[in-house]
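Residue indices begin at 1 and follow the sequence shown. All heavy atoms count here, side chains included; hydrogens, waters and symmetry mates do not.
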Amino acid sequence: MDTKLKVAVLGTGIMGAAMARNLLRVGHEVSVWNRDAAKTEPLAAEGARRAASPADAVEAAGLVLTMLYDAAAVQEVMRAAAPGLRPGTAWVQSTTVGIQDVPALAGLARELGLDLVEAPVSGTRAPAEAGQLLVLAAGRGDVRPRVAPVLDAIGARTIWTGQDPAEGSATRLKLVVNSWVIAASNAAGEVVALAEALGVDPQQFLGVIDGGGLDLPYLRTKMGLILDGELEPASFAVDTARKDAHLIVDAAAEKGLKLDGAEAYAARLDRVAEQGRGKQDMAAAYYAGR
């Protein structure tokens, strides 16, 4: 099998641009489209073909990768791409969506004649740029070899969660993972805020937990962003985190669970977005208490 593919990347934000860049680095032929066309310019300078529309991007592509904001955007863009799609094309769907969105996307794939692979990713800007994402994937066994060259380019490892992407096994795992990511990031902000309010040097707190079971590199990273005032460019933006936080709350409610912490974290992210911090790193939830 030829491992060099023609790949269309639809959505070149923080994550999509990094994915496209890593695909280019290993020799794939990449076409890119983004609603804000300016975001494709750096990729064009690195060898990607800038497409005028989703349909233009997917024309002649053997694989389509979507990394958009939410399920509504995915449906809109894939329908716009439909005139350029060929039946049997593999579709790697990496946008984080809700559990309730998965059947609709699987139905759209069937309607368009595409071989869907559910493939949300775990990781933020730095691992994305390094091609070190963790890919959580669900797809048929016969489709997996076709998408492996792409998954290998964007990630360090792929965890296959199931055969049927319509069951949403990868999406369910992604929401569980993100529940921890959002909780840890919010906790980092609250620790800094409480320490400052009580006249405690946040570095003293880090000294207390240093090397112990409570010490986390992620906690130190997020606290560092707050303390150094380096919330832009975002590694995981407030707007995206709050979208995911509400997906987590909705998924829990659908199963009869009330996650008080997740609801509070979603509300904190809503508040900082209202402060105009939607494009900053999610660590900006620190400001929700002010």
Side-chain angles (χ1 to χ4, degrees), residues 12-19 21-22 39 42 67 69 96 120-134 155-156 174-249 259-290:
T12 59
I14 293 173
M15 303 297 284
M19 291 172 162
R21 193 165 285 114
N22 281 304
K39 291 186 177 181
M67 192 60 173
Y69 179 68
T96 300
V121 297
S122 180
T124 53
R125 180 190 293 269
E129 290 177 347
Q132 295 293 301
L133 294 168
L134 176 60
K174 175 62 188 295
L175 294 182
V176 171
V177 171
N178 271 17
S179 72
W180 170 241
V181 170
I182 292 169
S185 183
N186 272 276
E190 291 191 338
V191 164
V192 174
L194 180 62
E196 292 175 340
L198 299 182
V200 173
D201 183 350
Q203 295 300 331
Q204 284 187 312
F205 161 73
L206 291 174
V208 170
I209 66 171
D210 187 31
L214 296 175
D215 198 358
L216 295 173
Y218 187 79
L219 172 66
R220 290 178 177 273
T221 297
K222 291 302 180 184
M223 285 184 63
L225 294 178
I226 297 165
L227 294 169
D228 296 337
E230 296 179 351
L231 296 170
E232 295 183 68
S235 178
F236 188 170
V238 166
D239 281 343
T240 305
R242 67 192 284 255
K243 180 262 295 185
D244 290 359
H246 285 287
L247 292 178
I248 291 162
V249 171
L259 301 181
D260 296 302
E263 291 178 11
Y265 299 146
R268 286 175 63 82
L269 289 163
D270 286 342
R271 291 204 300 275
V272 293
E274 290 167 2
Q275 294 174 9
R277 297 182 180 274
K279 303 306 179 186
Q280 293 183 347
D281 191 87
M282 63 188 296
Y286 158 79
Y287 290 99
R290 295 180 176 271

Which pairs count as side-chain hydrogen bond (donor to acceptor under 3.5 Å, both in side chains) when at least one residue sits in residues 263-273, sequence neighbours excluded?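 Every pair satisfying side-chain hydrogen bond (donor to acceptor under 3.5 Å, both in side chains) with a residue in residues 263-273: Asn186-Arg268, Glu190-Arg268, Arg242-Asp270, His246-Asp270, Lys258-Glu263.
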For [X], what residues pass the side chain to side chain contact (heavy atoms under 4.5 Å, CB included) criterion, not counting sequence neighbours?
| X | result |
| --- | --- |
| Ala184 | Trp180, Tyr218 |
| Val200 | Ala195, Leu198, Gln204 |
| Asp210 | Asp215, Arg220 |
| Glu274 | none |

Which heavy-atom pair separates [X] from [Y] by the least distance, and what is that distance?
| X | Y | answer |
| --- | --- | --- |
| Leu247 | Thr96 | CD1-O, 4.1 Å |
| Gly189 | Ile226 | CA-CD1, 3.6 Å |
| Ala285 | Leu269 | CB-CD2, 4.1 Å |
| Val238 | Val272 | CG1-CG2, 3.7 Å |
| Val181 | Met282 | O-CE, 4.1 Å |
| Gln280 | Ala284 | OE1-CB, 3.5 Å |

With sequence neighbours excluded, what pairs up with [X] under the salt bridge (charged side-chain N to carboxylate O under 4.0 Å, His left out) test?
| X | answer |
| --- | --- |
| Arg277 | none |
| Glu196 | Arg290 |
| Lys174 | none |
| Asp244 | none |

Is Val191 close to Leu194 at the side-chain level, that is, under 4.5 Å between some pair of heavy atoms?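 With C-beta onward as the side chain, the pair stays apart.
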Check: Leu219 and Ile209 side chains under 4.5 Å, non-hydrogen atoms: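 Yes, side chains in contact.
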Scan residues 224-241 for pairs that pass salt bridge (charged side-chain N to carboxylate O under 4.0 Å, His left out), counting only residues two or more places apart or in two chains.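 Applying salt bridge (charged side-chain N to carboxylate O under 4.0 Å, His left out) to every pair that reaches into residues 224-241, excluding sequence neighbours, yields Asp239-Lys279.
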CD1-NZ distance between Ile248 and Lys243, expressed to the nearest 0.5 angstrom: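 The CD1 atom of Ile248 sits 9.5 Å away from the NZ atom of Lys243.
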Let me confirm one number: the CG-CE distance from Leu133 to Met15, rounded to the nearest 0.5 Å.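 Atom-to-atom, Leu133:CG and Met15:CE are 4.5 Å apart.
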Among all residues two or more places apart in sequence or in another chain, which pass the side chain to side chain donor-acceptor pair (under 3.5 Å) test with Arg21?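 Side chain to side chain donor-acceptor pair (under 3.5 Å) list for Arg21, sorted by chain: Glu46.
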Side-chain donor/acceptor of Asp281 to backbone N/O of Phe236, under 3.5 Å: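 A pair under 3.5 Å: yes.
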If you look only at distance, which donor and acceptor atoms sit under 3.5 Å apart when one is on a side chain in residues 120-129 and the other is two or more places apart or in another chain?
{"residue": "Thr124", "atom": "OG1", "partner": "Ser235", "partner atom": "OG", "Å": "2.9"}
{"residue": "Arg125", "atom": "NE", "partner": "Ala234", "partner atom": "O", "Å": "2.8"}
{"residue": "Arg125", "atom": "NH2", "partner": "Ala234", "partner atom": "O", "Å": "2.8"}

